[in-house]
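All remarks here apply to the structure that follows.
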Amino acid sequence: MKNTPMNRWLIVLGTIIIQMGLGTIYTWSLFNQPLVSKFGWDLSSVAMTFSITSFSLAISTLFAGKLQDKLGIRKLITIAGIVLGLGLIASSQVHSLFLIYLLAGVVVGFADGTAYITSLSNLIKWFPNKKGLISGVSVGAFGMGSLIFKYINSVFISSMGVSQAFLIWGVIVMIMVILGAQIIREAPVVDQLSPTELAHGDDKNFTVKEMLRTKEAYLLFIIFFTACMSGLYLIGIVKDIGVQLVGLSVESAANAVAMIAIFNTAGRIILGALSDKVGRLRVVAGALIITTASVLVLSFVPLNYGIFFACVAGIAFCFGGNITVFPAIVGDFFGLKNHSKNYGIIYQGFGLGALSGAFIASITGGFKPTFIVIGILCIISLILITILKPPVRGKVKKKRMHLKPDGTLV
């Protein structure tokens with residue numbers, strides 16, 4: 001099956017539209033205080049909604065690949081867009097925190113994650129030789145959606161109130177995801193190996209069961225969990241760190257939120273493309289080194305405005321890069337045929353990382369001890385990277401094989 005470059009780039013466009021719509025869920029922090037003011041709920045309880053959303057997003061990736069097999073990419077993402085939009089629209093009509101958890105948390109998170117991993121994996125399959133770059137484009141669009149809608153949703157909330165903002169947000173996101181779904185189409189089944197490699201009998205398209213029988217799957221999970229926890233913990237408490245540890249005003253510390261969005265998006269695009277040239281594990285290792293240095297500086301060095309923002313920028317940049325490079329690593333290690341299913345397993349490190357930072361902080365008693373723990377985990381992950389190599393599923397030939405002039409094996 002041959003596809004023109006224009007076809008592939010139209011699929012890129014559709015995926016970008018989808019991912020930008022999906023990324024808007026990262027504006028949730030804007031809704032916390034307005035919901036508290038309107039309903040009188042506890043702030044920490046309202047803020048828990050985003051943890052539920054993130055966890056539901058991660059869990060959904062376990063099922064998304066099977067749903068795609070049954071429904072096809074267009075139909076699945078169209079349905080996910082409708083459910084995502086309806087979840088937000090319904091949230092505008094409720095007066096119960098439990099229903100906010102259910103709708104804006106579970107329903108929105110599950111729909112978002114389903115569309116996220118399937119559209120990302122599908123796009124990577126269209127560009128098997130540029131997995132890092134194309135992953136960066138897709139995941140970067142997700143971050144760009146968050147950055148742009150921080151301003152759009154702020155205007156909606158201030159001009160029409162938090163409930164009406166939910167409604168308009170839901171309508172816009174539904175339209176974006178459905179529109180993007182109509183542009184994309186299913187990637188052909190592509191074996192990432194060349195005919196020469198096939199002639200030698202190598203087969204890297206692992207099933208989920210085969211992947212789970214390799215030690216590399218578990219090592220990647222640990223490394224991904226570490227990389228995600230550092231970034232997700234920082235995103236949730238960066239303003240509080242600025243106020244409590246640096247002594248900044250609330251207004252100055254709030255600038256760190258915008259800085260995270262900017263550097264997070266930049267890391268996704270830059271490190272994704274770089275990984276195609278210098279190697280993905282090298283990029284992850286470099287990102288972990290920068291993250292380790294940043295969290296240890298936050299733990300032990302007297303902080304001022306410049307040091308604080310440099311560390312925040314470094315962690316955000318590396319977090320964005322890591323979550324971009326990992327889909328490509330899973331493709332490199334375990335093949336593209338079952339990518340959405342395999343990456344869905346590894347992606348559970350994201351869900352676990354979303355919950356673990358706050359849990360560690362509650363045990364250790366503050367920001368600095370938590371950063372020390374994160375630093376230690378980063379060092380452990382750096383050691384694990386040194387022993388990582390792509391696994392070999394086995395040899396498929398039992399006799400010598402060669403290529404005919406037309407490219408077929410005999």
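Sequence positions, counted from 1, serve as the residue numbers for this chain. Values below: every heavy atom of this structure, side chains too, minus hydrogens, waters and symmetry copies.
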**Asked** Run the side-chain contact (heavy atoms from CB on, under 4.5 Å) check on L382 and C378 step by step: do they pass?
**Response** CA-CA 6 Å; L382 277 167; C378 286; 5.5 Å; no

Between [X] and [Y], which heavy-atom pair has the shortest distance, and what is it?
X    : Y    : result
A58  : Q348 : O-NE2, 2.6 Å
M160 : A165 : CG-N, 4.2 Å
I315 : S230 : CG2-O, 4.1 Å
I77  : A181 : CG2-CB, 3.8 Å
S91  : G87  : OG-O, 2.7 Å
G140 : I269 : CA-CG1, 4.3 Å

Closer than 3.5 angstrom, by distance alone: can the side chain of [X] be matched with the main-chain N or O of [Y] as a donor-acceptor pair?
X    : Y    : value
S54  : S51  : no
E210 : T207 : yes
W126 : R185 : yes
N205 : L336 : yes
N342 : F206 : yes
T386 : I383 : yes
N338 : K341 : no
D276 : L133 : yes
S138 : S135 : no
Y218 : L212 : yes

**Asked** Angle class for the H95/F39 ring planes (parallel below 30°, perpendicular above 60°, tilted otherwise)?
**Response** perpendicular

**Prompt:** So which pairs with a foot in residues 45-94 pass ring pair (Phe, Tyr, Trp, His ring centres under 6.0 Å), sequence neighbours left out?
**Reply:** Y26-F50

**Message:** Determine whether T61 and Y343 satisfy the following criterion, side-chain contact (heavy atoms from CB on, under 4.5 Å), listing intermediate values before the conclusion.
**Reply:** CA-CA 8 Å; T61 63; Y343 183 51; over 6 Å; no

Flag the pair [X] / [Y] as yes when at least one side-chain heavy-atom distance between them is below 4.5 Å, and no otherwise.
X    : Y    : answer
V83  : I79  : yes
L120 : F142 : no
I223 : L288 : yes
V155 : Y151 : no
N322 : C228 : no
V12  : F127 : yes
L234 : F319 : no
L13  : I17  : yes

Out of curiosity, [X] [atom1] to [Y] [atom2], how far, rounded to the nearest 0.5 Å?
X    : Y    : atom1 : atom2 : value
S146 : I260 : OG    : CD1   : 10.0 Å
L271 : C318 : CG    : SG    : 6.5 Å
T291 : I374 : OG1   : CD1   : 9.5 Å
I168 : I152 : CD1   : CD1   : 12.5 Å
L298 : C311 : CG    : SG    : 4.0 Å
I262 : L147 : CD1   : CG    : 6.0 Å

**Item:** Stepwise side chain to side chain donor-acceptor pair (under 3.5 Å) check, S159 with Q164
**Value:** CA-CA 9 Å; S159 62; Q164 191 70 10; over 6 Å; no

Would you say that more than 12 heavy atoms from the other residues, nucleotides or ligands in this model lie under 6.0 Å from the [atom1] of [X], or not?
X    : atom1 : answer
K130 : NZ    : no
M48  : CE    : no
K75  : NZ    : no

**Request:** Using ring pair (Phe, Tyr, Trp, His ring centres under 6.0 Å) as the criterion, point out the one residue from Y116, F221, F225, F326 that pairs with Y347.
**Result:** Y116

**Worked verdict on T53 versus W28 for side chain to side chain donor-acceptor pair (under 3.5 Å)** = CA-CA 10 Å; T53 305; W28 177 261; over 6 Å; no

**Message:** Among K125, R74, Q68, exactly one meets side chain to side chain donor-acceptor pair (under 3.5 Å) together with E186. Which residue is that?
**Reply:** Q68

**Message:** Under a 3.5 Å cutoff, is there a donor and acceptor pairing between the side chains of S340 and T118?
**Reply:** no

**Message:** Between T324 and R268, do the side chains contain a donor N or O and an acceptor N or O under 3.5 Å apart?
**Reply:** no

**Item:** Sub-6.0 Å ring centroid separation between F31 and F166
**Value:** yes

**Request:** Could you tell me whether F367 and F371 have their ring centroids closer than 6.0 angstrom?
**Result:** no

**Message:** Evaluate T364 against T370 for side chain to side chain donor-acceptor pair (under 3.5 Å), listing each step before the verdict.
**Reply:** CA-CA 7 Å; T364 58; T370 305; 3.3 Å; yes

**Request:** Please step through side chain to side chain donor-acceptor pair (under 3.5 Å) for the pair S381 and T226, ending with a clear verdict.
**Result:** CA-CA 7 Å; S381 292; T226 301; 3.1 Å; yes

**Request:** Starting from the C-alpha separation in whole Å, work towards a yes-or-no answer on side-chain contact (heavy atoms from CB on, under 4.5 Å) for Q33 and V46.
**Result:** CA-CA 8 Å; Q33 190 57 56; V46 175; over 6 Å; no

**Message:** Between M174 and V171, does the side-chain contact (heavy atoms from CB on, under 4.5 Å) criterion hold? Intermediate values first, please.
**Reply:** CA-CA 5 Å; M174 185 187 297; V171 170; 5.8 Å; no

